[in-house]
Amino acid sequence: MFLKFLFQLNQISLLRSPQDGLIVENMHDRPYTVCPGPEVTAVMTAISAAVRRSCPHLALGVQVLSAANQQAIAVALAAGLDFIRAEGYVFSHVADEGIINACAGNLLRYRKQVGAENIQIFADIKKKHSAHTLTADVGVAETAAAAELFLADGLVLTGKATGLPTDPGELKEVQHAVKIPVLIGSGVTMENVKNYVDANALIIGSYFKKGGYWANSVDPERVKKFMDHISKLRE
């Protein structure tokens, strides 16, 4: 079995470890706004381009908080990245930044207009740090199917908050509902990774930080131990 693992780069610390990809994210740019200024796009482009130069052969992506998905496409195109992680792709929800409206139609049209159709979109569904009462009658499998219908390249499942584990049952449910890749987007640890071996990719942020806390700096030793464990699972 071959698994892809993505390392969420919340701080600029390039590690010489066997991750299959990196995501650049402005996670420390708190409090988030649904309308980040042009300076955020500019800075994220500069950082992403520097990461690309340092990691020419890795799969690289970007997420611009909060729900700045068109800006993420622009950053990815300018910096030569491979994918973005998108919030609010289908079905509106209430996040801690406010109401996030579905964006798939506008986002895909924008991607085509700027000539960025080679950049993949991995869409969060039933996203963490959000209330989903507005869509309480729409299950996670239905949400996944809608995102697939609206041409997402992959789906991201999360727990309720940063660092909290994703429900393994939801992974199975979504995988039965769609044919596109399904990624795990939060809460993966050395102890529970066995629950997610069927996922197409894992996005790991908090566990790779000192003490397993998202706001701390990256702990290379934790990364190495985890990736050594993954190498054994891959055998």
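No hydrogens, no waters, no symmetry mates; every other heavy atom, side chains included, goes into these values.
- Rounding to the nearest 0.5 Å places CG of Asp96 at 11.0 Å from CZ of Arg30.
- Checked for salt-bridge contact, Lys112 and Glu117 miss the test: no charged N lies under 4.0 Å from a carboxylate O.
- Here the CZ atom belonging to Phe150 is positioned 8.0 Å from the CZ atom belonging to Phe91, to the nearest 0.5 angstrom.
- In summary, the side chains of His129 and Thr162 do present a donor paired with an acceptor at a separation below 3.5 Å, with no hydrogens or angles considered.
- When all heavy atoms of Lys128 and Thr158 are compared, the pair lying nearest together is N-OG1, 3.0 Å.
- Here CE of Met227 is found 10.5 Å from CE of Met190. Values are rounded to the nearest 0.5 Å.
- Of the N and O atoms on the side chains of Lys126 and Thr135, at least one donor lies less than 3.5 Å from an acceptor on the other residue.
- The residue from Ile204, Ile184, Val188 that alone fulfils the side-chain contact (heavy atoms from CB on, under 4.5 Å) condition with Val193 is Val188.
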Yes or no on ring-ring contact (aromatic ring centres under 6.0 Å, His included) for Phe208 and Phe226, after CA distance, side-chain angles and deciding distance? CA-CA 8 Å; Phe208 283 171; Phe226 184 91; 5.5 Å; yes
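- Ring pair His28/Trp214 is tilted by interplanar angle, where 30° to 60° counts as tilted.
- The environment of Tyr110 atom OH is dense: over 12 non-hydrogen atoms of other residues, nucleotides or ligands sit within 6.0 angstrom.
- Contact check on Asp228 versus Lys224 returns a salt bridge, with a Lys/Arg side-chain nitrogen under 4.0 Å from an Asp/Glu carboxylate oxygen.
- Annotation: Leu134, atom CG; neighbour count of heavy atoms from other residues, nucleotides and ligands within 6.0 Å is above 12.
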